[in-house]
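A short worksheet on the structure shown next.
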Amino acid sequence: MLRTHTCGELRNTDLNKKVILSGWVQRVRDKGALIWIDMRDRYGITQIFLEEEKSDDSLVKKARELGREFVVQVEGSVIERASKNPNIPTGDIEVVPEKIKILNTSKTPPFTIEDETDGGEELRMKYRYLDLRRKPVRTKLELRHRLALETRKYLDTQKFIEIETPVLIKSTPEGARDFVVPSRMNQGQFYALPQSPQTFKQLLMVSGYDRYYQLVKCFRDEDLRADRQPEFTQIDCEMSFVTQDDVLETFEGMTKHLFKVVKGVEVEDFPRISYQDAMKYYGSDKPDIRFGMKFVELKDVARGKGFKVFDDAELVVGICAEGCASYSRKDLDKLTDFVKRPQVGAKGLVYVKYLSAEQAGNEEGSLKSSVDKFYSEEELKEWAAKFNAKPGDLLLILAGGADATRFAMNELRLEMGKRLHLRDRSVFKPLWVVDFPLLEWDEETQRYYAMHHPFTSPKPEDVHKLENDPGAVRANAYDLVINGVEIGGGSIRIHNKELQKKMFQVLGFTDQEAQSQFGFLMNAFEYGAPPHGGIALGFDRLVALFGGSDSIRDYIAFPKNNAGRDVMIDSPSEISEEQLEELGLKVVNSKNQAANNK
RNA sequence: GGUCCGGUAGUUCAGUUGGUUAGAAUACGUGCCUGUCACGCACGGGGUCGCGAGUUCGAGUCUCGUCCGGACCGCCA
């Protein structure tokens, strides 16, 4: 037997027991006459204790051979510690060894295996198998496991069944770039890895599996971010004979369940706001509603006073930052620099300080702004009223084209939320964003694209606009947003062949293209397709949100870096001439050739 | 495709206006230490300053290029 107990379970109640432990050497503290060895495994740390005088010479010698991360087996008895350590669960006891066996040696690791490691990101990713030994990383993977388990348990109680769908599928031009896999048996042809199991789950609905789910890897060949990996996991679901409300209620229930059992948090009912209102009040389709600071539009009160910037603007919009009238010139300059960054893109920032009586040095308080030249105090007061601003508050105003200004104001609102500590990681505010537009016009290619995907159904009352005003058609589509993070989205699907055909027409597909790419789905719709709809939640993002992090990388055992590389196994990599030959492929252009050959 | 930040000891970093032999902490090694638990003390080894070119009497430091890593914009139905 290699062990009778783990390194995390022995307590006072185990005194005098003969035990065998196996694990890694965390640290040896050799004080000459006394030697302590911290032994670590997944479950915790147990202290091994030797006295030079009372122990066998060979045992002491063996103990002194141990280095960090050696794998050892210790046989001995549990005793009470002379001086206890209240900071760890096993801190009342220690094990006095009779035998120490080195199961394997270890090189000194390139960084310390400690909660607060000295290793940088790059090194930890290269030696990810060592990084995973660290408790903070292990805790994150344990959280991931727990969420996966509870998701499955909940969906099982709701009569969902998990069905696997294929990974080698067919490339389609819509949406994100596909990862592509060459076929040896069909040279010159390629599989694609799924961006989502979308069409398969819809086919399962046609087959009568009216509640399907899958925790499934999906793949998108697009550039990465802290919250985007080329392979990622979705909680993918589909239901038949449901309305939009049925889907929202089911997954609101699931989300609440996860918060309750995994985090011990009771979240309130999720508000539902339309895409249009989300854009109007937050400038974003994934608003963070942990704090207010809603947009207020000022065009009607600000125009016609000779301030050209506002007069010429399509949109004049502001937010009210509570208690920020005390901001100095320097603070305001910093905010101005923030909005002028190319990533935010505003031309400038107008402020109005609603000074309190104390700040103004008079009895009533006063209003001071960067546009005092154009607006009287009375007029500024009228603005303040629109914001429900109180003395002591600060109004921040941007103007310009509607889309760009909303975008910049969203960035500014989030920045102010951060500065005012209103984005508390222990607070969770989910919401549904509903009534998304069905289509999005793309200037570059001069055509409409499906905002969600081409299988999303238009709202029945808007279907008649498909011909003449496709941009105005709203979809039965919804997103789940939590704390400003898009956690998932879905829709009620089209289940009628004619409507699906029409949708492809609007998207600029010829009948032939639609038939060759999605014919299997439209054919299936002719054999009794039930009304259906579903949702997919980004599992990695959900786990990171639960863990209180913006980056999903730490919650993935073996993630890729921001260039899509796995620096541990060094992939992607070239393949041999023989492999290329078999696949009927030839590399004609490789900018990485030189780098890889070094 | 673009913008920004970084690369100096095993590791994390400092390094002044361009100027003598590039430092600290930690890790590692050796010795001492009877209750440690981030043990302590003493001593020691450890450097292609990412790489290449340029400017200069002289480059870790300035310029250009390049590679690597990180963050972001575009992109992500």
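Within every chain, numbering begins at 1; the chains are lettered A, B, ... in the order of the sequence lines, protein sequences first and strands thereafter.
Looking at the side chain of A:Arg228, the nearest of the listed nucleotides B:G35, B:C75, B:U11 is B:C75. Side-chain proximity of A:Arg81 to the nucleotides B:A27, B:G35, B:G70 is greatest for B:G35. In this structure, the nucleotide among B:U34, B:A71, B:C73 sitting nearest to the side chain of A:Arg553 is B:A71. Closest approach to the A:Val567 side chain among B:G69, B:G35, B:U11 is made by B:G69 (side chain taken as heavy atoms from C-beta onward). The side chain of A:Ala176 approaches B:C76 more closely than any other nucleotide in the set B:A27, B:C37, B:C76. When each of B:C28, B:C72, B:G35 is scored by its nearest atom to the side-chain atoms of A:Thr108, the top-ranked nucleotide is B:C28. Among the nucleotides B:G10, B:C37, B:C75, the one closest to any side-chain atom of A:Asp223 is B:C75. Distance from the side chain of A:Arg68 is smallest for B:C28 among the nucleotides B:C28, B:A38, B:G69.
Enclosure of atom CD in A:Gln73 by more than 12 non-hydrogen atoms of other residues, nucleotides or ligands within 6.0 angstrom is indicated.
The separation of B:C43 from B:U11, taken at their P atoms, amounts to 25 Å, rounded to a whole angstrom. Between the P atoms of B:C72 and B:G29, the separation comes to 39 Å (whole Å). Comparing B:C57 with B:G18, their P atoms sit 16 Å apart, to the nearest whole Å. With C1' as the reference atom, B:C49 and B:A59 are 11 Å apart, rounded to whole Å. Here, B:G23 and B:U8 have their C1' atoms 10 Å apart, quoted to the whole Å. For B:U3 and B:G46, the P atoms lie 43 Å apart once the distance is rounded to whole Å. With C1' as the reference atom, B:C13 and B:A22 are 14 Å apart, rounded to whole Å. Separating the P atom of B:G10 from that of B:G50 is a span of 13 Å, rounded to the nearest Å.
Looking at heavy-atom distances under 4.0 Å, A:Thr117 makes no contact with the nucleic acid at all. At the heavy-atom level, A:Met125 lies nowhere under 4.0 Å from the strands shown. A:Glu94 comes within 4.0 angstrom of a nucleotide base, judged by non-hydrogen atoms across all strands. The residue A:Phe455 sits apart from the nucleic acid: no heavy atom pair falls under 4.0 Å. The residue A:Arg64 sits apart from the nucleic acid: no heavy atom pair falls under 4.0 Å. Residue contacts shown for A:Lys107 are absent, as no nucleic acid heavy atom lies under 4.0 Å away. A:Glu53 comes within contact range of at least one nucleobase, with a heavy-atom separation under 4.0 Å.
A:Ile35 has its CD1 atom 12 Å from the C1' atom of B:C33, to the nearest Å. The separation between A:Ile37 atom CD1 and B:C39 atom P is 14 Å, rounded to whole Å. Counting to the nearest Å, the P atom of B:C37 and the CG atom of A:Asp92 are 17 Å from each other. Atom NZ in A:Lys418 sits roughly 11 Å away from atom P in B:C72 (whole-Å rounding). Taking atom CG of A:Asp178 as the reference point, atom C1' of B:C76 lies 12 Å away to the nearest angstrom. Distance CG (A:Leu123) to P (B:A9): 12 Å, rounded to an integer number of Å. With rounding to whole Å, A:Arg124 atom CZ is found 17 Å from B:G10 atom C1'. When rounded to the nearest whole Å, the span between CG of A:Asp227 and P of B:G70 equals 15 Å.
Taking for each of A:Ser551 and A:Glu122 the nucleotide of RNA chain B with the nearest heavy atom, the 5'-most of the two is the partner of A:Glu122.
The one candidate from A:Arg64, A:Lys61, A:Lys31 that meets the salt bridge (charged side-chain N to carboxylate O under 4.0 Å, His left out) condition with A:Glu52 is A:Arg64.
When the side-chain nitrogen and oxygen atoms of A:Asn561 are compared with OP1 and OP2 of B:G70, one or more of them lie within a distance under 4.0 Å. Residue A:Asn562 has a polar side-chain atom (N or O) positioned under 4.0 Å from OP1 or OP2 of B:A71. One finds a side-chain N or O of A:Arg27 lying less than 4.0 angstrom from the OP1 or OP2 phosphate oxygen of B:C39.
No side-chain heavy atom of A:Thr6 sits under 4.5 Å from any side-chain heavy atom of A:Arg42.
The heavy-atom pair separating A:Glu98 from A:Leu59 by the smallest distance is O-CD1, 3.7 Å.
Using a 4.0 Å cut-off between charged side-chain N and carboxylate O, A:Glu415 and A:Arg419 make a salt bridge. Remark: A:Lys334 does not engage A:Asp337 in a salt bridge, criterion side-chain N to carboxylate O under 4.0 Å.
If you check B:U20 for Watson-Crick or wobble pairing at under 3.5 angstrom, you find it has no partner at all. Checking B:G65 for Watson-Crick or G-U wobble geometry (two distances, each under 3.5 Å) identifies B:C51 as its partner. Pairing for B:U30 goes to B:A42, judged as Watson-Crick or G-U wobble with the two contacts each under 3.5 Å.
For a distance-only test at 3.5 Å, the side chain of A:Arg225 qualifies as a donor-acceptor partner of the base of B:G74. For A:Glu52 and B:U34, a side-chain-to-base donor-acceptor distance below 3.5 Å is absent, hydrogens and geometry of angles not being considered.
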What's the verdict on salt bridge (charged side-chain N to carboxylate O under 4.0 Å, His left out) for A:Arg228 and A:Asp223, showing C-alpha distance, side-chain angles and the deciding distance? CA-CA 8 Å; A:Arg228 256 158 50 189; A:Asp223 283 9; over 6 Å; no
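Both tests hold for A:Arg447 against A:Tyr449: distance to the six-membered ring centre under 6.0 Å, angle to the ring axis within 45°.
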